[in-house]
> 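Would you mind keeping the following structure in view while I ask a few things?
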Amino acid sequence: MIDRIRSLQSPDQPFDDRRRAMVDTQIMTRGIHAPLVLEAMSKVPRHLFVGSDAVERAYYDMALDIGMGQTISQPYMVAVMTELLGLNSTLRVLEIGTGSGYQAAILAEIVREVCTIERIESHTERARHRLNDLGYTNVRFRTADGSVGWAEEAPFDRILITAAAPDIPQPLIEQLTDGGIAVAPVGARHTQQLLKLQKSGGDIVREFYVPCLFVPLIGQYGWQE
Ligand code: SAM
C-alpha cells in the first residue's frame, strides 16, 4: 500500500491522477463515502491553493503551510468535516477560517451559498482571487473576527469552524437555523476533537468524533493571540 501511495504521488504524475489517488487512498479507505463529498474533493484543484514551494506536496496526506503561521488542512480532515455537515444544494453555510480558500471551494461545490470569514486580510484577498479565477460565484468573503459570526448574514443552515476553539462560540449557535449543524475542532490549544453540534427546537445535541490538531481560533470567543 505504501509503495502504491508513493508511486501515485510521483512528481511526474499529472495533478488529476494525484487528486484521484488522494481520494482513493486517503479518504475512501478511511470510511468517507458521501458521494457529494467525494465528488467535490475529486474536482477542486488543491495544488492551486498552496504556494509554489508546496505544489509538489499538495496531494500528500498532511496539512501544509500557507504563510503567516497558518495551514491548509489535511485532505482527510477536510473530508470528515464536510461529511459531518450533512450538506445538500439548498443550504447556506458559514465558514470561519478561510485560510487558502480550499475548504470554501469544497463547500461551494455542494451548497447554495458559502459565507467565509478570515481574520488575516492577505489570506482573504488571496482566497477571493483564487475562487474568482476558478469561477465560483456563490462565495462571500469577509475579513473580521469570525468567532462572533456574521450577524448581518445570519441565520446559517450550517457553520464550520476550521480553527481550534475552546468551544463552539455562543453567538455562532445563535446564528444557526433550527435543525442546523455546526462542526468545529474543540478542546485545548494543542489537542482537540471534532465536535458536531445540532440545534433542534430548544435542544442542543453534541457528538464528538476524531482527535485532531488545528491552528487556534484567535478572537473574542477563541484564544488570545
Ligand atoms: N479552511 C482553510 C483552508 O481551506 O485553507 C484552513 C484554515 S486554517 C487551519 C485556520 C484559519 O483560521 C487561518 O487562516 C486563521 O488565520 C483563521 N482564523 C483564526 N482565528 C480566526 C477568527 N477569529 N476569525 C476568522 N479566521 C480566523
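When a ligand or atom number is given, it counts from 1 through the structure's own listing order. Just so it is clear, the values below take in all heavy atoms, side chains as well, and ignore hydrogens, waters and symmetry mates.
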> Give a yes or no on whether the backbone of T124 and the side-chain of E118 come within a donor-acceptor separation of less than 3.5 Å.
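Side chain of E118 to backbone of T124, a donor-acceptor pair under 3.5 Å: no, none is there.
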> If we set the cut-off at 4.0 Å for heavy atoms, which region of E118 has an atom near ligand 1: side chain, backbone, both, or neither?
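For E118, backbone and side-chain atoms both sit under 4.0 Å from ligand 1.
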> Under 4.0 Å from a heavy atom of D145: which atoms of ligand 1 are those, numbered in the order shown and with their elements?
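Numbered from 1, ligand 1 contributes 22 (C), 23 (N), 24 (N).
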> Do E109 and Y136 have side-chain N/O donor and acceptor atoms under 3.5 Å apart?
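Per modelled atom types, E109 and Y136 side chains form a pair under 3.5 Å.
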> Checking side-chain contact (heavy atoms from CB on, under 4.5 Å) against R30, which of T25, V80, D61 comes through?
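It is D61; the other options fail the test.
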> Which heavy atom of the protein is the closest neighbour of atom 5 (O) of ligand 1, given with residue, atom name and distance?
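Among all protein heavy atoms, the one nearest atom 5 (O) of ligand 1 is S100 OG, 2.6 Å.
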> Does R130 use its side chain to pair, donor to acceptor, with the backbone of L48 at less than 3.5 Å?
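The answer is yes, because a donor-acceptor pair under 3.5 Å joins these two groups.
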> Going by the atom numbers of ligand 1, which of them fall below 4.0 Å from some non-hydrogen atom of V215?
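Counting atoms of ligand 1 from 1, those under 4.0 Å from V215 are 8 (S), 9 (C), 10 (C).
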> What protein heavy atom sits nearest atom 8 (S) of ligand 1, and how far away is it?
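Going atom by atom, the protein heavy atom closest to atom 8 (S) of ligand 1 ends up being T71 O, 3.0 Å.
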> What protein heavy atom lies closest to atom 15 (C) of ligand 1? Include the residue and the distance to one decimal.
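Atom 15 (C) of ligand 1 sits closest to the protein heavy atom Q70 OE1, 3.3 Å.
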> Is the shortest heavy-atom distance from the side chain of R57 to the side chain of L64 under 4.5 Å?
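When only atoms from C-beta onward are counted, L64 and R57 do touch, with a gap below 4.5 Å.
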> Identify, for atom 24 (N) of ligand 1, the protein heavy atom at the shortest distance, and state residue, atom and that distance.
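The answer is G146 N, 2.8 Å.
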> Consider every N or O of S73 and every N or O of ligand 1, then say whether any pair is closer than 3.5 Å.
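So ligand 1 has no N or O lying under 3.5 Å from an N or O of S73.
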> What atoms of ligand 1 come within less than 4.0 Å of a heavy atom belonging to E95?
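Checking each atom against E95, I get 1 (N).
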> Taking non-hydrogen atoms only, is T98 closer than 4.0 angstrom to ligand 1 via side chain, backbone, both or neither?
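Backbone only.
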> Can you tell me how far the OG1 atom of T162 sits from the CD atom of Q103, to the nearest 0.5 Å?
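Reported to 0.5 Å precision, the distance equals 6.5 Å.
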> Tell me, please, whether Y59 has R18 positioned over its six-membered ring: NZ or CZ under 6.0 Å from the ring centre and within 45 degrees of its axis?
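No, a cation-pi geometry is absent between R18 and Y59.
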> Taking R140 for the side chain and C115 for the main chain, is one N or O donor matched with an acceptor at less than 3.5 Å?
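No.
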> Please say whether G219 places an N or O atom under 3.5 Å from an N or O atom belonging to ligand 1.
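By distance alone, the answer is no.
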> Is the closest N or O pair between G97 and ligand 1 shorter than 3.5 Å?
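Yes: some nitrogen or oxygen of G97 is under 3.5 Å from one in ligand 1.
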> Quick one, F49 and L134 - any side-chain contact, counting heavy atoms below 4.5 Å?
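In short, these two side chains touch, coming nearer than 4.5 Å.
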> Does any N or O atom in H123 lie less than 3.5 angstrom from one in ligand 1, N or O only?
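By distance alone, the answer is no.
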> Identify the closest protein heavy atom to atom 21 (C) of ligand 1: which residue and atom is it, and at what distance?
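Looking only at protein heavy atoms, the one closest to atom 21 (C) of ligand 1 is R119 CD, 3.3 Å.
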> Are V55 and V50 side-chain neighbours, meaning at least one heavy-atom pair lies under 4.5 Å?
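Touching, per the 4.5 Å side-chain cut-off.
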> How about CD on Q224, more than 12 heavy atoms from neighbouring residues, nucleotides or ligands closer than 6.0 Å, or not?
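Result for CD/Q224: open.
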> Judged by non-hydrogen atoms, does M68 sit under 4.0 Å from ligand 1?
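Not so, M68 does not reach ligand 1.
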> For atom 23 (N) of ligand 1, find the nearest protein heavy atom and state the residue, atom name and distance (0.1 Å precision).
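The answer is I218 O, 2.6 Å.
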> Which bit of L217 is near ligand 1, meaning a heavy atom under 4.0 Å away: side chain, backbone, both or neither?
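Both backbone and side chain.
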> Examine the proximity of ligand 1 to I120 and report which part, side chain or backbone, both or neither, has a heavy atom under 4.0 Å away.
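I120 to ligand 1: side-chain contact only, backbone stays beyond 4.0 Å.
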> So, does K199 use its side chain to make a donor-acceptor pair with the main chain of I173 at under 3.5 Å?
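Yes, K199 side chain to I173 backbone: donor-acceptor pair under 3.5 Å.
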> With heavy-atom distances below 4.5 Å as the criterion, would you say the side chains of M41 and P75 are in contact?
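Yes, their side chains come closer than 4.5 Å.
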> For F214, is at least one N or O under 3.5 Å away from an N or O on ligand 1?
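Among all N and O atoms of F214, none is under 3.5 Å from an N or O of ligand 1.
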> Note the single closest protein heavy atom to atom 4 (O) of ligand 1, along with its residue, its atom name and the distance in Å.
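For atom 4 (O) of ligand 1, the nearest protein heavy atom comes out as Q103 N, 2.9 Å.
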> Suppose we measure from atom 19 (C) of ligand 1 to each protein heavy atom; which comes out shortest, and what is that distance?
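Ranked first by proximity to atom 19 (C) of ligand 1 is P216 O, 3.5 Å.
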> Just let me know how A144 lines up against ligand 1, side chain, backbone, both or neither, with a heavy-atom cut-off below 4.0 Å.
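A144 to ligand 1: backbone contact only, side chain stays beyond 4.0 Å.
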> Can you list the atoms of ligand 1 that are under 4.0 Å from a heavy atom of I72?
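Once the distances to I72 are compared, the set is 5 (O).
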> Find all atoms of ligand 1 within a distance of less than 4.0 Å from any non-hydrogen atom belonging to Y102, and give their numbers and elements.
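It comes down to these atoms of ligand 1: 4 (O).
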> Check for a donor-acceptor pair, side chain of T143 on one end and backbone N or O of E121 on the other, with a separation under 3.5 Å.
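No; judged by distance alone, with no hydrogens or angles, the pair does not exist.
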